[in-house]
Amino acid sequence: MKEQRVKKAAAFILIGAALCLGLFRTWGDAPQELSYEEFWEMAERGEIRSAAIGDGDAWRVVTKDGFAAVTPNPRALDGKERLLKLGIEVTEEGTALPAALLLAVALLGAALLFRGRSGAPGLQKYAAVDAEKAVPQVTFADVITSPETLRSMQDLVGFLRTPGDYERLGARRPKGVMLYGPPGTGKTLLARALAGEAKAPFFAMSGADFVQVYVGVGASRVRELFKKARKAGGGVIFIDEIDAIGKKRDNGNDEREQTLNALLTEMSGFTGADQIMVVAATNRVDTLDAALLREGRFDRRIEVGLPDAEQRLGILKVHARKKPLEAGVSLEDLAKQTAMFSGAQLEALLNEAAIRAARRGAGRIGPGDVEAAFCAVAVGDESPRRLSDEEKRVTAWHEAGHAVVTRYLLPGSRMARLTVIPSSRGAAGYLMSIQPDRLLHSRKELIAMIAQALGGRAAEEALLGKENVTTGAAGDLKRAKEIAAAMAEDWDMGESGDAKRSAKIIFEEGFAAARQCLAEHRGQLARLADRLQEKETLREQEIMEILEP
Ligand code: ADP
Ligand code: ZN
(Lines give C-alpha, C1' and ligand atoms only; values in the text may rest on other atoms or scores of the structure.)
(Ligands and ions follow the chains in the order given, each with its own letter.)
Protein backbone atom coordinates (compact mmCIF):
# COMPACT_ATOMS: atom_id res chain seq x y z
CA MET A 1 0.00 0.00 0.00
CA LYS A 2 2.78 2.32 0.98
CA GLU A 3 4.32 1.47 -2.35
CA GLN A 4 1.20 2.73 -4.12
CA ARG A 5 1.16 5.97 -2.21
CA VAL A 6 4.79 6.60 -2.80
CA LYS A 7 4.28 6.06 -6.49
CA LYS A 8 1.49 8.57 -6.65
CA ALA A 9 3.63 11.02 -4.78
CA ALA A 10 6.40 10.31 -7.24
CA ALA A 11 4.22 11.13 -10.20
CA PHE A 12 3.25 14.35 -8.52
CA ILE A 13 6.75 15.43 -7.73
CA LEU A 14 7.80 14.52 -11.22
CA ILE A 15 5.21 16.77 -12.75
CA GLY A 16 5.98 19.49 -10.25
CA ALA A 17 9.65 19.26 -10.94
CA ALA A 18 9.10 19.35 -14.67
CA LEU A 19 7.02 22.46 -14.35
CA CYS A 20 9.52 24.25 -12.14
CA LEU A 21 12.24 23.36 -14.50
CA GLY A 22 10.25 24.58 -17.43
CA LEU A 23 9.80 27.87 -15.64
CA PHE A 24 13.44 28.15 -14.78
CA ARG A 25 14.28 27.44 -18.34
CA THR A 26 12.22 30.32 -19.66
CA TRP A 27 12.89 32.81 -16.90
CA GLY A 28 16.36 32.08 -15.73
CA ASP A 29 19.57 32.18 -17.66
CA ALA A 30 20.57 29.07 -19.52
CA PRO A 31 23.10 27.11 -17.45
CA GLN A 32 26.69 28.00 -18.15
CA GLU A 33 28.52 25.63 -20.43
CA LEU A 34 31.85 24.29 -19.29
CA SER A 35 34.15 22.68 -21.81
CA TYR A 36 35.44 19.21 -21.07
CA GLU A 37 38.85 20.60 -20.08
CA GLU A 38 37.44 23.43 -17.95
CA PHE A 39 35.21 21.05 -16.07
CA TRP A 40 37.94 18.57 -15.18
CA GLU A 41 40.30 21.37 -14.17
CA MET A 42 37.68 22.75 -11.82
CA ALA A 43 37.00 19.23 -10.54
CA GLU A 44 40.69 18.72 -9.81
CA ARG A 45 40.79 22.02 -7.93
CA GLY A 46 37.88 20.86 -5.77
CA GLU A 47 35.47 23.47 -7.09
CA ILE A 48 32.68 21.13 -8.10
CA ARG A 49 30.13 20.04 -5.54
CA SER A 50 27.92 17.61 -7.42
CA ALA A 51 27.35 16.08 -10.81
CA ALA A 52 24.26 14.45 -12.27
CA ILE A 53 25.43 11.93 -14.82
CA GLY A 54 23.51 9.78 -17.25
CA ASP A 55 23.37 8.63 -20.84
CA GLY A 56 22.45 12.03 -22.23
CA ASP A 57 24.77 14.36 -24.09
CA ALA A 58 25.59 16.48 -21.07
CA TRP A 59 26.27 16.17 -17.37
CA ARG A 60 24.64 18.72 -15.14
CA VAL A 61 26.95 19.95 -12.45
CA VAL A 62 26.82 22.35 -9.53
CA THR A 63 29.88 24.25 -8.36
CA LYS A 64 30.81 24.79 -4.73
CA ASP A 65 29.55 28.38 -5.06
CA GLY A 66 26.16 27.04 -6.06
CA PHE A 67 26.21 27.74 -9.81
CA ALA A 68 24.65 25.25 -12.15
CA ALA A 69 26.47 24.36 -15.34
CA VAL A 70 26.51 21.71 -18.02
CA THR A 71 29.48 19.91 -19.48
CA PRO A 72 29.75 17.34 -22.30
CA ASN A 73 29.25 13.76 -21.15
CA PRO A 74 32.67 12.14 -21.76
CA ARG A 75 31.01 8.72 -21.92
CA ALA A 76 34.12 7.20 -20.40
CA LEU A 77 33.70 3.93 -18.57
CA ASP A 78 35.34 5.29 -15.45
CA GLY A 79 33.76 8.73 -15.45
CA LYS A 80 31.77 8.08 -12.31
CA GLU A 81 34.73 6.61 -10.48
CA ARG A 82 36.83 9.66 -11.34
CA LEU A 83 34.19 11.99 -9.95
CA LEU A 84 33.82 10.01 -6.76
CA LYS A 85 37.58 9.94 -6.24
CA LEU A 86 37.61 13.73 -6.46
CA GLY A 87 35.03 13.87 -3.68
CA ILE A 88 32.17 15.00 -5.93
CA GLU A 89 28.62 13.92 -5.12
CA VAL A 90 27.31 11.87 -8.00
CA THR A 91 23.72 11.18 -8.90
CA GLU A 92 22.71 9.07 -11.84
CA GLU A 93 19.85 10.09 -14.00
CA GLY A 94 17.91 8.22 -16.66
CA THR A 95 17.58 9.22 -20.28
CA ALA A 96 13.85 9.73 -20.53
CA LEU A 97 13.28 12.90 -18.53
CA PRO A 98 16.75 13.66 -17.32
CA ALA A 99 16.31 16.98 -15.59
CA ALA A 100 12.95 16.35 -14.04
CA LEU A 101 13.87 12.83 -13.06
CA LEU A 102 16.93 14.00 -11.22
CA LEU A 103 14.92 16.24 -8.97
CA ALA A 104 12.26 13.63 -8.47
CA VAL A 105 14.76 10.98 -7.55
CA ALA A 106 16.53 13.28 -5.15
CA LEU A 107 13.32 14.22 -3.42
CA LEU A 108 12.08 10.68 -3.37
CA GLY A 109 15.33 9.54 -1.89
CA ALA A 110 14.66 11.83 1.03
CA ALA A 111 11.06 10.70 1.31
CA LEU A 112 12.15 7.10 1.45
CA LEU A 113 14.90 7.51 3.97
CA PHE A 114 12.85 5.89 6.67
CA ARG A 115 12.83 2.62 4.76
CA GLY A 116 16.51 2.19 4.23
CA ARG A 117 19.53 4.28 3.58
CA SER A 118 19.90 3.56 -0.09
CA GLY A 119 16.33 4.09 -1.16
CA ALA A 120 17.22 6.29 -4.07
CA PRO A 121 19.41 4.08 -6.27
CA GLY A 122 17.16 1.08 -5.74
CA LEU A 123 14.16 3.11 -6.57
CA GLN A 124 15.62 4.45 -9.74
CA LYS A 125 16.18 0.98 -11.07
CA TYR A 126 12.81 -0.08 -9.78
CA ALA A 127 11.20 2.65 -11.82
CA ALA A 128 12.63 0.93 -14.87
CA VAL A 129 10.31 -2.01 -14.27
CA ASP A 130 7.30 -0.06 -15.43
CA ALA A 131 9.08 1.61 -18.27
CA GLU A 132 10.06 -1.73 -19.75
CA LYS A 133 6.65 -3.31 -19.70
CA ALA A 134 6.54 -3.14 -23.46
CA VAL A 135 7.93 -5.81 -25.72
CA PRO A 136 11.61 -4.99 -26.35
CA GLN A 137 12.60 -4.09 -29.89
CA VAL A 138 15.79 -6.12 -29.60
CA THR A 139 16.23 -9.41 -31.46
CA PHE A 140 18.92 -12.07 -31.63
CA ALA A 141 20.36 -10.22 -34.62
CA ASP A 142 21.58 -7.58 -32.17
CA VAL A 143 23.49 -10.04 -29.99
CA ILE A 144 26.57 -11.80 -31.22
CA THR A 145 27.24 -14.93 -29.24
CA SER A 146 28.43 -18.50 -29.63
CA PRO A 147 26.30 -20.86 -31.74
CA GLU A 148 25.63 -23.02 -28.66
CA THR A 149 24.38 -20.10 -26.60
CA LEU A 150 22.25 -18.89 -29.47
CA ARG A 151 20.70 -22.33 -29.97
CA SER A 152 19.82 -22.62 -26.28
CA MET A 153 18.21 -19.22 -26.37
CA GLN A 154 16.25 -20.03 -29.53
CA ASP A 155 14.84 -23.11 -27.83
CA LEU A 156 13.41 -20.88 -25.13
CA VAL A 157 11.63 -18.72 -27.70
CA GLY A 158 9.70 -21.79 -28.79
CA PHE A 159 8.59 -22.53 -25.25
CA LEU A 160 7.33 -19.00 -24.82
CA ARG A 161 5.67 -18.64 -28.19
CA THR A 162 4.04 -21.99 -28.77
CA PRO A 163 4.06 -23.78 -25.43
CA GLY A 164 1.42 -26.19 -26.72
CA ASP A 165 3.82 -27.78 -29.19
CA TYR A 166 6.10 -28.77 -26.36
CA GLU A 167 3.44 -29.74 -23.84
CA ARG A 168 1.72 -32.04 -26.29
CA LEU A 169 4.91 -34.05 -26.48
CA GLY A 170 5.30 -34.05 -22.73
CA ALA A 171 8.26 -31.68 -22.68
CA ARG A 172 8.60 -29.86 -19.39
CA ARG A 173 8.80 -26.11 -19.87
CA PRO A 174 11.86 -24.62 -18.22
CA LYS A 175 10.85 -22.24 -15.46
CA GLY A 176 14.14 -20.71 -14.67
CA VAL A 177 17.14 -20.01 -16.85
CA MET A 178 20.49 -19.00 -15.44
CA LEU A 179 22.76 -17.01 -17.74
CA TYR A 180 26.27 -16.95 -16.38
CA GLY A 181 29.51 -15.40 -17.54
CA PRO A 182 31.74 -12.35 -17.12
CA PRO A 183 30.22 -8.88 -16.86
CA GLY A 184 29.37 -7.05 -20.07
CA THR A 185 29.05 -10.15 -22.24
CA GLY A 186 25.44 -9.44 -23.20
CA LYS A 187 23.40 -11.43 -20.68
CA THR A 188 20.92 -8.63 -20.19
CA LEU A 189 20.80 -8.06 -23.91
CA LEU A 190 20.10 -11.77 -24.52
CA ALA A 191 17.26 -11.77 -22.02
CA ARG A 192 15.70 -8.75 -23.69
CA ALA A 193 16.19 -10.29 -27.11
CA LEU A 194 14.46 -13.45 -25.86
CA ALA A 195 11.43 -11.37 -24.95
CA GLY A 196 11.72 -9.44 -28.20
CA GLU A 197 11.80 -12.62 -30.30
CA ALA A 198 8.90 -14.16 -28.38
CA LYS A 199 6.95 -10.88 -28.61
CA ALA A 200 6.56 -11.08 -24.85
CA PRO A 201 6.77 -8.24 -22.35
CA PHE A 202 9.97 -7.84 -20.37
CA PHE A 203 10.21 -7.19 -16.64
CA ALA A 204 13.59 -6.44 -15.16
CA MET A 205 15.01 -6.05 -11.71
CA SER A 206 18.42 -6.32 -10.14
CA GLY A 207 19.19 -8.59 -7.21
CA ALA A 208 21.16 -5.76 -5.68
CA ASP A 209 17.94 -3.74 -5.43
CA PHE A 210 16.39 -6.30 -3.14
CA VAL A 211 19.02 -6.37 -0.46
CA GLN A 212 19.38 -2.65 0.02
CA VAL A 213 16.10 -2.29 1.79
CA TYR A 214 14.55 -3.26 5.08
CA VAL A 215 13.49 -6.80 5.84
CA GLY A 216 10.34 -7.82 4.06
CA VAL A 217 10.53 -5.28 1.27
CA GLY A 218 12.58 -7.49 -1.03
CA ALA A 219 10.10 -10.35 -0.71
CA SER A 220 7.14 -8.10 -1.42
CA ARG A 221 8.89 -6.65 -4.44
CA VAL A 222 9.40 -10.15 -5.80
CA ARG A 223 5.73 -10.94 -5.35
CA GLU A 224 4.72 -7.70 -6.99
CA LEU A 225 6.97 -8.36 -9.94
CA PHE A 226 5.37 -11.74 -10.57
CA LYS A 227 1.92 -10.31 -10.10
CA LYS A 228 2.63 -7.75 -12.77
CA ALA A 229 3.90 -10.38 -15.16
CA ARG A 230 0.79 -12.53 -14.61
CA LYS A 231 -1.45 -9.55 -15.16
CA ALA A 232 0.30 -8.86 -18.45
CA GLY A 233 -0.48 -12.43 -19.50
CA GLY A 234 3.09 -13.64 -19.07
CA GLY A 235 6.50 -12.53 -20.21
CA VAL A 236 10.15 -12.69 -19.35
CA ILE A 237 11.16 -11.75 -15.82
CA PHE A 238 14.81 -10.85 -15.73
CA ILE A 239 16.74 -10.77 -12.47
CA ASP A 240 20.20 -9.32 -12.88
CA GLU A 241 22.90 -9.98 -10.28
CA ILE A 242 20.96 -12.87 -8.78
CA ASP A 243 24.01 -13.65 -6.61
CA ALA A 244 23.07 -10.67 -4.43
CA ILE A 245 20.10 -12.64 -3.13
CA GLY A 246 21.06 -16.17 -4.06
CA LYS A 247 24.43 -16.50 -2.36
CA LYS A 248 25.15 -19.68 -0.46
CA ARG A 249 23.44 -19.28 2.88
CA ASP A 250 25.92 -17.56 5.12
CA ASN A 251 25.50 -16.32 8.65
CA GLY A 252 21.83 -15.77 7.99
CA ASN A 253 21.01 -12.52 6.27
CA ASP A 254 17.28 -12.37 6.93
CA GLU A 255 16.44 -10.04 4.12
CA ARG A 256 18.25 -12.09 1.53
CA GLU A 257 16.78 -15.33 2.79
CA GLN A 258 13.23 -14.01 2.73
CA THR A 259 13.67 -12.60 -0.75
CA LEU A 260 15.12 -15.84 -2.03
CA ASN A 261 12.30 -17.85 -0.46
CA ALA A 262 9.71 -15.56 -2.02
CA LEU A 263 11.33 -16.07 -5.41
CA LEU A 264 11.42 -19.86 -5.07
CA THR A 265 7.83 -19.92 -3.86
CA GLU A 266 6.68 -17.88 -6.84
CA MET A 267 8.54 -20.15 -9.20
CA SER A 268 7.16 -23.35 -7.73
CA GLY A 269 3.66 -21.88 -7.98
CA PHE A 270 3.75 -21.58 -11.76
CA THR A 271 1.00 -23.36 -13.57
CA GLY A 272 0.77 -24.25 -17.22
CA ALA A 273 -1.38 -21.19 -17.70
CA ASP A 274 1.35 -18.79 -16.57
CA GLN A 275 3.44 -18.04 -19.60
CA ILE A 276 6.24 -16.72 -17.48
CA MET A 277 9.91 -17.45 -17.86
CA VAL A 278 12.37 -16.28 -15.27
CA VAL A 279 15.83 -15.46 -16.56
CA ALA A 280 18.56 -14.68 -14.05
CA ALA A 281 22.10 -13.51 -14.66
CA THR A 282 25.26 -13.80 -12.61
CA ASN A 283 29.01 -13.42 -13.01
CA ARG A 284 29.62 -15.94 -10.29
CA VAL A 285 27.62 -19.12 -10.56
CA ASP A 286 30.01 -20.76 -8.07
CA THR A 287 28.71 -18.68 -5.17
CA LEU A 288 25.05 -19.53 -5.70
CA ASP A 289 22.97 -21.44 -3.21
CA ALA A 290 22.35 -24.99 -4.43
CA ALA A 291 18.63 -24.55 -3.68
CA LEU A 292 18.46 -22.10 -6.55
CA LEU A 293 19.90 -24.47 -9.10
CA ARG A 294 17.76 -27.46 -8.20
CA GLU A 295 15.41 -29.27 -10.60
CA GLY A 296 12.35 -27.16 -11.38
CA ARG A 297 14.08 -23.91 -10.46
CA PHE A 298 17.02 -22.42 -12.39
CA ASP A 299 17.79 -25.78 -13.91
CA ARG A 300 18.69 -24.48 -17.37
CA ARG A 301 22.14 -23.05 -17.30
CA ILE A 302 23.50 -21.19 -20.28
CA GLU A 303 27.05 -19.95 -20.42
CA VAL A 304 27.68 -16.55 -21.97
CA GLY A 305 31.43 -16.26 -22.42
CA LEU A 306 33.82 -13.61 -23.61
CA PRO A 307 33.67 -13.31 -27.40
CA ASP A 308 36.33 -14.93 -29.60
CA ALA A 309 37.95 -13.01 -32.46
CA GLU A 310 35.16 -13.77 -34.93
CA GLN A 311 32.44 -12.82 -32.45
CA ARG A 312 34.33 -9.65 -31.58
CA LEU A 313 34.25 -8.68 -35.23
CA GLY A 314 30.52 -9.32 -35.28
CA ILE A 315 29.97 -7.18 -32.19
CA LEU A 316 32.10 -4.37 -33.61
CA LYS A 317 30.08 -4.50 -36.83
CA VAL A 318 26.80 -4.33 -34.94
CA HIS A 319 27.91 -1.26 -33.01
CA ALA A 320 29.57 0.40 -36.00
CA ARG A 321 26.29 0.35 -37.95
CA LYS A 322 25.62 4.01 -37.32
CA LYS A 323 29.22 5.18 -37.05
CA PRO A 324 31.00 6.52 -40.14
CA LEU A 325 34.55 5.11 -40.25
CA GLU A 326 37.52 6.31 -42.28
CA ALA A 327 38.81 3.77 -44.78
CA GLY A 328 41.95 3.36 -42.67
CA VAL A 329 40.00 1.86 -39.77
CA SER A 330 39.97 -1.93 -39.95
CA LEU A 331 37.44 -3.62 -37.72
CA GLU A 332 39.09 -6.92 -38.64
CA ASP A 333 42.39 -5.79 -37.09
CA LEU A 334 40.64 -4.26 -34.12
CA ALA A 335 38.84 -7.56 -33.49
CA LYS A 336 42.18 -9.35 -33.44
CA GLN A 337 43.69 -6.83 -31.04
CA THR A 338 40.91 -6.94 -28.49
CA ALA A 339 41.37 -10.39 -26.96
CA MET A 340 39.66 -10.61 -23.57
CA PHE A 341 37.44 -7.58 -24.29
CA SER A 342 33.76 -8.02 -23.45
CA GLY A 343 30.97 -6.91 -25.75
CA ALA A 344 30.32 -3.95 -23.47
CA GLN A 345 33.96 -2.91 -23.71
CA LEU A 346 33.89 -3.16 -27.50
CA GLU A 347 30.79 -1.02 -27.57
CA ALA A 348 32.44 1.49 -25.22
CA LEU A 349 35.55 1.52 -27.40
CA LEU A 350 33.63 2.52 -30.53
CA ASN A 351 31.67 5.08 -28.56
CA GLU A 352 34.87 6.60 -27.16
CA ALA A 353 36.35 6.73 -30.66
CA ALA A 354 33.26 8.54 -31.94
CA ILE A 355 33.52 11.09 -29.13
CA ARG A 356 37.17 11.70 -29.90
CA ALA A 357 36.41 12.18 -33.59
CA ALA A 358 33.62 14.60 -32.74
CA ARG A 359 35.88 16.55 -30.38
CA ARG A 360 38.39 17.18 -33.11
CA GLY A 361 35.58 18.16 -35.45
CA ALA A 362 36.07 15.31 -37.90
CA GLY A 363 33.32 13.86 -40.07
CA ARG A 364 34.52 10.30 -39.70
CA ILE A 365 36.20 8.16 -37.06
CA GLY A 366 39.90 7.77 -37.86
CA PRO A 367 42.53 5.21 -36.83
CA GLY A 368 43.96 7.66 -34.27
CA ASP A 369 40.58 7.97 -32.57
CA VAL A 370 40.29 4.20 -32.38
CA GLU A 371 43.76 3.82 -30.92
CA ALA A 372 43.20 6.46 -28.25
CA ALA A 373 39.83 4.90 -27.43
CA PHE A 374 41.43 1.47 -27.17
CA CYS A 375 43.82 2.78 -24.52
CA ALA A 376 41.11 4.63 -22.67
CA VAL A 377 38.93 1.54 -22.43
CA ALA A 378 41.78 -0.85 -21.66
CA VAL A 379 43.63 1.20 -19.05
CA GLY A 380 41.71 4.41 -18.44
CA ASP A 381 42.29 7.96 -19.57
CA GLU A 382 45.41 9.92 -18.84
CA SER A 383 45.41 11.28 -15.33
CA PRO A 384 46.31 14.94 -14.82
CA ARG A 385 48.59 13.88 -11.96
CA ARG A 386 52.30 14.15 -12.81
CA LEU A 387 55.01 11.89 -11.48
CA SER A 388 58.02 13.29 -9.63
CA ASP A 389 61.39 12.67 -11.32
CA GLU A 390 62.20 9.85 -8.93
CA GLU A 391 58.77 8.24 -9.38
CA LYS A 392 59.19 8.54 -13.10
CA ARG A 393 62.59 6.84 -13.02
CA VAL A 394 61.30 3.93 -10.96
CA THR A 395 58.19 3.64 -13.13
CA ALA A 396 60.28 3.69 -16.30
CA TRP A 397 62.39 0.80 -15.01
CA HIS A 398 59.32 -1.05 -13.85
CA GLU A 399 57.54 -0.78 -17.20
CA ALA A 400 60.72 -1.47 -19.16
CA GLY A 401 61.04 -4.63 -17.09
CA HIS A 402 57.64 -5.83 -18.29
CA ALA A 403 58.60 -4.99 -21.87
CA VAL A 404 61.96 -6.79 -21.84
CA VAL A 405 60.41 -9.96 -20.42
CA THR A 406 57.60 -9.78 -22.96
CA ARG A 407 60.05 -9.34 -25.84
CA TYR A 408 62.25 -12.30 -24.94
CA LEU A 409 59.96 -14.76 -23.17
CA LEU A 410 56.71 -14.15 -25.07
CA PRO A 411 58.00 -13.29 -28.54
CA GLY A 412 54.55 -13.94 -30.07
CA SER A 413 53.04 -10.99 -28.20
CA ARG A 414 52.94 -7.51 -29.61
CA MET A 415 53.60 -4.40 -27.56
CA ALA A 416 51.39 -1.56 -28.71
CA ARG A 417 52.41 1.08 -26.20
CA LEU A 418 54.67 1.61 -23.24
CA THR A 419 54.16 4.67 -21.11
CA VAL A 420 55.00 6.38 -17.83
CA ILE A 421 52.03 8.74 -18.01
CA PRO A 422 49.73 7.87 -15.11
CA SER A 423 46.26 6.65 -15.99
CA SER A 424 43.06 7.74 -14.30
CA ARG A 425 42.65 4.23 -12.90
CA GLY A 426 45.64 4.72 -10.66
CA ALA A 427 48.45 3.06 -12.65
CA ALA A 428 51.69 5.05 -12.72
CA GLY A 429 52.44 3.69 -16.17
CA TYR A 430 51.70 0.64 -18.23
CA LEU A 431 52.69 -1.68 -21.01
CA MET A 432 49.92 -2.51 -23.41
CA SER A 433 50.71 -5.92 -24.79
CA ILE A 434 48.52 -7.91 -27.11
CA GLN A 435 48.74 -11.66 -26.68
CA PRO A 436 47.90 -13.87 -29.62
CA ASP A 437 44.33 -15.13 -29.27
CA ARG A 438 44.81 -18.76 -28.45
CA LEU A 439 42.63 -21.42 -26.89
CA LEU A 440 45.39 -23.49 -25.31
CA HIS A 441 48.48 -22.45 -23.41
CA SER A 442 51.51 -24.59 -22.67
CA ARG A 443 53.05 -24.75 -19.21
CA LYS A 444 56.12 -22.94 -20.51
CA GLU A 445 54.00 -20.14 -21.89
CA LEU A 446 52.11 -19.76 -18.61
CA ILE A 447 55.38 -19.49 -16.70
CA ALA A 448 56.41 -16.80 -19.19
CA MET A 449 53.14 -14.97 -18.49
CA ILE A 450 53.90 -15.03 -14.77
CA ALA A 451 57.38 -13.72 -15.57
CA GLN A 452 55.86 -10.99 -17.71
CA ALA A 453 53.65 -9.88 -14.83
CA LEU A 454 56.61 -9.91 -12.44
CA GLY A 455 59.02 -8.22 -14.86
CA GLY A 456 58.18 -4.84 -13.30
CA ARG A 457 58.99 -5.91 -9.76
CA ALA A 458 62.14 -7.71 -10.92
CA ALA A 459 63.34 -4.54 -12.68
CA GLU A 460 62.70 -2.47 -9.53
CA GLU A 461 64.80 -4.95 -7.60
CA ALA A 462 67.59 -4.64 -10.16
CA LEU A 463 67.51 -0.84 -9.95
CA LEU A 464 66.89 -0.25 -6.26
CA GLY A 465 67.69 -3.46 -4.43
CA LYS A 466 65.19 -5.75 -2.71
CA GLU A 467 64.62 -3.44 0.27
CA ASN A 468 63.46 -0.54 -1.85
CA VAL A 469 60.89 -2.08 -4.15
CA THR A 470 57.60 -0.18 -4.29
CA THR A 471 53.88 -0.83 -3.98
CA GLY A 472 53.54 -0.26 -7.73
CA ALA A 473 53.54 -3.98 -8.36
CA ALA A 474 50.41 -4.88 -6.39
CA GLY A 475 48.28 -5.58 -9.46
CA ASP A 476 51.12 -7.50 -11.12
CA LEU A 477 51.60 -9.72 -8.09
CA LYS A 478 47.90 -10.47 -7.95
CA ARG A 479 47.83 -11.43 -11.61
CA ALA A 480 50.92 -13.64 -11.26
CA LYS A 481 49.40 -15.37 -8.25
CA GLU A 482 46.17 -15.97 -10.12
CA ILE A 483 47.94 -17.64 -13.00
CA ALA A 484 50.04 -19.73 -10.62
CA ALA A 485 46.97 -20.78 -8.64
CA ALA A 486 45.09 -21.78 -11.79
CA MET A 487 48.09 -23.78 -12.99
CA ALA A 488 48.30 -25.65 -9.70
CA GLU A 489 44.59 -26.15 -9.05
CA ASP A 490 42.83 -26.27 -12.40
CA TRP A 491 45.45 -27.64 -14.72
CA ASP A 492 47.45 -29.81 -12.37
CA MET A 493 50.76 -28.37 -13.53
CA GLY A 494 52.40 -28.36 -10.11
CA GLU A 495 54.78 -30.85 -8.62
CA SER A 496 53.63 -30.90 -5.03
CA GLY A 497 50.45 -32.75 -4.03
CA ASP A 498 49.36 -29.68 -2.10
CA ALA A 499 47.89 -27.13 -4.54
CA LYS A 500 48.81 -24.13 -2.34
CA ARG A 501 52.44 -25.20 -2.14
CA SER A 502 52.51 -26.00 -5.84
CA ALA A 503 51.21 -22.54 -6.65
CA LYS A 504 53.92 -20.97 -4.51
CA ILE A 505 56.63 -23.00 -6.25
CA ILE A 506 55.24 -22.10 -9.70
CA PHE A 507 55.10 -18.42 -8.74
CA GLU A 508 58.76 -18.52 -7.69
CA GLU A 509 59.66 -20.29 -10.92
CA GLY A 510 58.08 -17.43 -12.89
CA PHE A 511 59.80 -14.81 -10.76
CA ALA A 512 63.17 -16.49 -11.26
CA ALA A 513 62.57 -16.55 -15.02
CA ALA A 514 61.87 -12.79 -14.97
CA ARG A 515 65.00 -12.03 -12.95
CA GLN A 516 67.15 -14.18 -15.19
CA CYS A 517 65.76 -12.62 -18.36
CA LEU A 518 66.47 -9.10 -17.08
CA ALA A 519 69.98 -10.09 -16.00
CA GLU A 520 70.69 -11.44 -19.48
CA HIS A 521 69.37 -8.29 -21.14
CA ARG A 522 70.48 -5.74 -18.59
CA GLY A 523 71.86 -3.39 -21.29
CA GLN A 524 68.55 -3.28 -23.20
CA LEU A 525 66.62 -2.84 -19.98
CA ALA A 526 68.63 0.24 -19.01
CA ARG A 527 68.44 1.68 -22.52
CA LEU A 528 64.70 1.19 -22.76
CA ALA A 529 64.13 2.67 -19.28
CA ASP A 530 66.22 5.74 -20.13
CA ARG A 531 64.44 6.35 -23.40
CA LEU A 532 61.05 5.87 -21.74
CA GLN A 533 61.89 8.34 -19.00
CA GLU A 534 62.84 10.85 -21.63
CA LYS A 535 59.95 10.35 -24.09
CA GLU A 536 57.22 9.16 -21.67
CA THR A 537 55.44 7.07 -24.32
CA LEU A 538 56.94 4.63 -26.78
CA ARG A 539 55.19 2.83 -29.66
CA GLU A 540 55.68 -0.68 -30.89
CA GLN A 541 58.32 0.16 -33.48
CA GLU A 542 60.51 2.21 -31.13
CA ILE A 543 60.32 -0.46 -28.45
CA MET A 544 61.38 -3.14 -30.89
CA GLU A 545 64.27 -1.03 -32.22
CA ILE A 546 65.69 -0.45 -28.77
CA LEU A 547 65.30 -4.10 -27.86
CA GLU A 548 67.02 -5.49 -30.95
CA PRO A 549 70.13 -7.27 -29.72
P1 ADP B 1 25.81 -8.23 -19.06
O2 ADP B 1 24.35 -8.29 -18.75
O3 ADP B 1 26.37 -9.55 -19.45
O4 ADP B 1 26.63 -7.57 -18.01
P5 ADP B 1 24.95 -6.34 -21.05
O6 ADP B 1 23.92 -7.10 -21.79
O7 ADP B 1 24.47 -5.39 -20.01
O8 ADP B 1 26.00 -7.33 -20.37
O9 ADP B 1 25.89 -5.58 -22.10
C10 ADP B 1 26.02 -4.17 -22.10
C11 ADP B 1 26.05 -3.63 -23.51
O12 ADP B 1 27.24 -4.08 -24.20
C13 ADP B 1 24.90 -4.12 -24.38
O14 ADP B 1 23.78 -3.32 -24.23
C15 ADP B 1 25.50 -4.05 -25.77
O16 ADP B 1 25.49 -2.73 -26.27
C17 ADP B 1 26.94 -4.42 -25.54
N18 ADP B 1 27.14 -5.88 -25.70
C19 ADP B 1 27.56 -6.73 -24.74
N20 ADP B 1 27.64 -7.99 -25.20
C21 ADP B 1 27.24 -7.95 -26.50
C22 ADP B 1 27.10 -8.94 -27.52
N23 ADP B 1 27.39 -10.23 -27.27
N24 ADP B 1 26.66 -8.55 -28.75
C25 ADP B 1 26.38 -7.25 -28.98
N26 ADP B 1 26.50 -6.27 -28.06
C27 ADP B 1 26.93 -6.60 -26.82
ZN1 ZN C 1 53.65 -3.55 -13.47
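Order of listing sets the numbers, starting from 1, for every ligand and every atom in it. What you are looking at is a predicted structure, and each value in this text was computed from that prediction instead of being measured.
- Of all N/O/S atoms in His402, NE2 sits nearest the Zn ion (ligand 2).
- Taking the Zn ion (ligand 2) as the corner point, the angle from Asp476 atom OD2 to His398 atom NE2 is about 90° (rounded to 10 degrees).
- The neighbour count for Asn468 CG, taken as heavy atoms of other residues, nucleotides or ligands under 6.0 Å away, is above 12.
- Gln345 places a side-chain N or O within donor-acceptor distance of the main-chain N or O of Ser342, the cut-off being under 3.5 Å.
- Taking the side chain to side chain contact (heavy atoms under 4.5 Å, CB included) definition, one finds that Lys481 meets it with Phe507, sequence neighbours left out.
- Residues satisfying the side chain to side chain contact (heavy atoms under 4.5 Å, CB included) test with Ala486, not counting sequence neighbours, are Asp490, Trp491.
- Remark: side-chain polar atoms of Thr185 are not paired, donor with acceptor, to backbone N or O of Pro307 under 3.5 angstrom.
- Around ligand 1, the residues contributing at least one heavy atom under 4.0 Å from the ligand are Asp142, Val143, Ile144, Pro183, Gly184, Thr185, Gly186, Lys187, Thr188, Leu189, Ile315, His319, Gly343, Ala344, Glu347.
- Evaluation of the side chain to side chain contact (heavy atoms under 4.5 Å, CB included) rule for Ile483 yields Leu446, Met449, Ile450, Arg479, Met487 as partners, not counting sequence neighbours.
- A donor-acceptor pair is defined here as one N or O able to donate and one able to accept, closer than 3.5 Å; such a pair exists between the side chain of Arg312 and the backbone of Thr338.
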